[in-house]
Amino acid sequence: MTGTDVQKEAEDSGPSGYAAARLRLLTEEARSGPPRRAALAELTDDWLTGLFAAGAEGLRGASLVAVGGYGRGELSPRSDLDLLLLHDGSDTKAVAALADRLWYPVWDLGLDLDHSVRTPAEARKTAGEDLKVQLGLLDARHIAGDLGLTASLRTAVLADWRNQAPKRLPELQELCAERAERQGELQYLLEPDLKEARGGLRDATALRAVAASWLADAPREGLADARRRLLDVRDALHLATGRATDRLALQEQDQVAAGLGLLDADTLLRQVYEAARVVSYASDVTWREVGRVLRSRAVRPRLRAMLGGGKPTSERSPLAEGVVEQDGEVVLARAARPERDPVLPLRAAAAAAQAGLPLSLHAVRRLAATVRPLPTPWPAEAREQLVTLLGSGRPTIEVWEALEAEGLITRLLPDWERVRCRPQRNAVHLWTVDRHLIETAVRASEFTRRVSRPDLLLVAALLHDIGKGWPGDHSVAGEIIAKDVAARIGFDRHDVTVIATLVRHHLTLIDTATRRDLEDPATVRSVAEAVGSQGTLELLHALTEADALATGPAAWSSWRGSLVADLVKRVSAVLAGDAPDDPEEAAPTAEQERLALEAAATGSPVLALRAQTEPPAGQEPSGDPEPLGVELLIAVPDQPGVLPAVAGVLAMHRLTVRTAELRSLYLPDGVDGSVLLLDWRVAAEYGSLPQAARLRSDLVRALDGSLDIAGRLAERDAAYPRRRGVVAPAARVSVHPAASRLATVIEVRSQDAPGLLFRIGRALEDASVQVRSAHVSTLGANAVDAFYVTGPEGAPLPGDEAASVARKLEETLRG
């Protein structure tokens, strides 16, 4: 039977005919989705038109109007009918009788009805008082009666909405936020409410209302398809349950999936999550744009008055190379060339997360459309920017979601596709697999002061459950994937092995601690054999806690934490005894020795700059290699204050120190004195590198005291106030007495920041200790620095004195 036949049956047979035609339409296997919803709305229109005509004989100035979902023509099988009987007030008695002729047949069929009887003035007044009524009227659609009456109301309601948008839109945003707080996020819930949860149908309707205000508009790409998918699922849910429900309960999911022709309930949930993610991201972008427009409208009149007219220009503040802040968002600089800069997406994302700012939609889309793929393995900067992004704390989530919305994450990490939107049918887990991985990285960022290699911790956190997209034990599959990913993003063979070990054994500590007898030596030995080293154990301990905290409140407790800590202590005792070699034993290269001899002969600093490059794996170096930064070699006659002087000069010139080593060189026989050699890798924060001659000149002045580095850095900090953004963990300074026979090793773990190494160096000088060597690593946003210090006589510091130096240094960095 065709749609026309179904409608004719309804017209010919009254309410019973409509019911039969409705049932026939809902059970047609050939028709589903938007065509069925539209046909159901049309069928209902025809039936109600007949009822209206029969009850409105001789009545003028009245019309029947569909509002809300029915007004949009989106009738699901058990949707209620949202109806407004509009009249001009001339014959209220006749209108009341007409209302009875309309409402009772609907109730008699057992259909839910949301109805009202109002004049246009009453409708507008109610809309002005009740936001939900106004939202429903925005979708008003004429069914029967006086078309002019309906049209005039639509025109007036839309005009009211646009005029009142600066007041009503913040109210709507608050309504959406309150609903999200109550219902949770659709893209992560195992039993989601398709309508009320964040990212659901209510939010999609709110975006339509924002667009109708003409104040802002949502990103259109994929939004209509996401809305359609959610409506299709709701249709199948209504048919499966026979009820007007929006809650996709666990026991209904297999039947709903079958009704939609999907493989299983997991496939169903993944489609729901993907649709919800599109709606949620569109909502974030849209509400941000609404806020920007409203702020601009509020500020512009005052600016015009102050500036004497004209359009004010938005201030652009640099964040990184090719990346600036504008209007509270991170955008690309005018000179940025994504097609020539494959690291730009990661650099922009890291800068945004560090600043606690969102990436602009335009910037992300431009990057997605134009950026070229990264080489394999990635250049060092790309790897460092990824680590910085992962270590930025809570802001990482919003930035990651922006990249993922435009497909950039799966282009950077193809293996991510298998875990994207993947549900976890475990009551302990709060998140989908992909969100859990990001949450684990966020949690791990809180522990970066506990480990010597925070970069390995953060990457392992991102990858620890990557094997859940594959059959079999996810830890075993994940180990293989992690090896491939870690090598692709540029870690060396040793680091790849560590990351793979962390992924393979990310459940080992918690499982062993809670399920095995720790008094049995074989238990502890087996864990030690699996872990292999103290450094890996330290990382695994932090990853275990981060993973559990990111799972949900039931996965971690003080009791579980104490059991894991006890196990780690026992395993560490088994692994003890592998003290590192003293760093002073490495022999200098020929170039280092040449610079040292020149510095000794001239009595002044000598510098050498050399660009570092590396070709993609398996290729010979080309004529246009990928830059990794610049190696800076400095030889200085041994004297106090070298470390803070060099670090301060580099900070003044906005040079970021990625790695650094300082050590004493004893010159060949016949050459008096000793020389300090500094071998550092640096990169400009943005712009070009300064000339070596300028660096040397400033270093000479810093060493003779004529350059006030502290004052210069303080002036610059005052000129550029600290941005809101990541609240980093406090710095941690520790003493490792067994790490060297010849010196006391003081280790600093801190958030990287301009001038950090200068502050550390000056604090050590103030403590009257000599820095015999230093090993500085900047791992993403984290600095992990080890300083081998001695007293004035060249001997290691006594224990209490070393502890005092560490305590004062920690106070300096926290101040």
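All heavy atoms count here, side chains included; hydrogens, waters and symmetry mates do not. Position 1 is the first residue of the sequence, and the numbers go up from there.
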Value rounded to 0.5 Å, distance of CG in L543 from CZ in R443 | 14.0 Å

Just checking, any donor-acceptor pair under 3.5 angstrom between side chains of R234 and S76?
-> yes

Looking just at side-chain N and O atoms, do E417 and T410 make a donor-acceptor pair shorter than 3.5 Å?
-> no

Flag this pair as yes if the NZ/CZ of R488 is under 6.0 angstrom from the six-membered ring centre of W378 and inside a 45 degree cone about the axis; otherwise no.
-> no

D203 and R198 ion-paired at < 4.0 Å = no

Any luck finding a side-chain donor-acceptor pair between T267 and D264 under 3.5 Å?
-> yes

Measure from the side-chain N and O atoms of S296 to the backbone N and O of R292, and report whether any donor-acceptor pair falls under 3.5 Å.
-> no

Residues in side chain to side chain donor-acceptor pair (under 3.5 Å) with E398, at least two apart?
-> R288

For A783, does its backbone N or O pair with a side-chain atom of D752 as donor and acceptor, under 3.5 Å?
-> no

Below 3.5 Å, can you tabulate the donor-acceptor pairs from side chains in residues 449-458 to any protein atom, sequence neighbours excluded?
from	atom 1	to	atom 2	distance (Å)
R449	NE	R749	O	3.4
R449	NH1	N782	OD1	2.7
R449	NH2	Q751	OE1	3.3
R450	NH1	E545	OE1	3.0
S452	OG	E538	OE1	3.3
R453	NE	D455	OD1	3.0
R453	NH1	D495	OD1	3.2
R453	NH2	D455	OD2	2.8
R453	NH2	D495	OD2	2.9

Lys/Arg-Asp/Glu bridge criterion (N-O < 4.0 Å) met for R228, D225 | yes

Step by step, work out the salt bridge (Lys or Arg N to Asp or Glu O under 4.0 Å) result for E381 and R681.
-> CA-CA 12 Å; E381 186 196 356; R681 185 162 66 86; over 6 Å; no

Are the side chain of S392 and the backbone of P395 linked by a donor-acceptor contact shorter than 3.5 Å?
-> no

Working to the nearest 0.5 Å, report the span between CD of E252 and CZ of R247.
-> 12.5 Å

Between L269 and L190, is any pair of side-chain heavy atoms under 4.5 Å apart?
-> yes

Side chains of D465 and V419: closer than 4.5 Å at any heavy-atom pair?
-> no

Taking atom types as modelled, is there a side-chain donor on Q183 or K195 under 3.5 Å from an acceptor on the other?
-> no

Distance col, row R208:CZ vs S213:OG, nearest 0.5 angstrom, shows 13.0 Å

Is P358 close to V330 at the side-chain level, that is, under 4.5 Å between some pair of heavy atoms?
-> no

Close side-chain approach of L215 and V210, heavy atoms under 4.5 Å = no

Ring centre gap for H464 and H505 strictly below 6.0 Å | no

Which atom of A500 lies closest to which atom of A482, heavy atoms considered = CA-CB, 4.4 Å

Rounded distance [0.5 Å steps], CD1 in I466 versus CZ in R418 = 10.5 Å

Test item: Y273 side-chain N/O and L189 main-chain N/O as donor-acceptor pair under 3.5 Å = yes

D327 side-chain N/O to E329 backbone N/O, donor-acceptor pair under 3.5 Å | no

Should L374 and L346 be marked as a side chain to side chain contact (heavy atoms under 4.5 Å, CB included) after you check the CA-CA gap, both sets of side-chain angles, and the distance that decides it?
-> CA-CA 10 Å; L374 284 164; L346 286 169; 4.1 Å; yes

More than 12 heavy atoms of other groups within 6.0 Å of E181 CD = no

Neighbour count >12 (heavy atoms, 6.0 Å) for atom NZ, K483 = no

Hey, mind stepping through D232 and R37 against side chain to side chain contact (heavy atoms under 4.5 Å, CB included) and telling me if it holds?
-> CA-CA 9 Å; D232 289 351; R37 287 190 289 274; 2.9 Å; yes

Donor-acceptor contact below 3.5 Å, side chain Q187 vs main chain R277 = no

I would like to know whether I438 and D434 meet side chain to side chain contact (heavy atoms under 4.5 Å, CB included); could you show each step before the answer?
-> CA-CA 7 Å; I438 297 302; D434 56 342; 6.0 Å; no

Taking the side chain as every heavy atom from C-beta outward, state whether L463 and L502 have any pair of such atoms under 4.5 Å apart.
-> no

Heavy atoms, side chains only, cut-off 4.5 Å: are P318 and V323 in contact?
-> no

Please report the closest heavy-atom contact between A349 and L389, naming both atoms and the distance.
-> O-CD1, 3.7 Å

Could you give me the CA-CA distance, side-chain angles and deciding distance for L540 and T544, then say whether side chain to side chain contact (heavy atoms under 4.5 Å, CB included) is met?
-> CA-CA 6 Å; L540 191 60; T544 300; 4.2 Å; yes

Side chains of E321 and R347 in contact at under 4.5 Å (non-hydrogen atoms) = yes

Looking only at atom types and distance, does a side-chain atom of Q424 sit under 3.5 Å from a main-chain N or O of W431, one as donor and one as acceptor?
-> yes

Working to the nearest 0.5 Å, report the span between CZ of R182 and CG of D193.
-> 10.0 Å

Side-chain donor/acceptor of R422 to backbone N/O of V433, under 3.5 Å = no

Tell me the ring-ring contact (aromatic ring centres under 6.0 Å, His included) pairs involving residues 384-425, sequence neighbours left out?
-> W400-W416

Looking at side-chain heavy atoms only, is the closest gap between I397 and R394 below 4.5 Å?
-> yes

Rounded distance [0.5 Å steps], CG in L268 versus CG in L248 | 5.5 Å

Taking R411 for the side chain and A368 for the main chain, is one N or O donor matched with an acceptor at less than 3.5 Å?
-> yes

Do side-chain atoms of R179 reach the backbone of E196 as a donor and acceptor pair under 3.5 angstrom?
-> yes

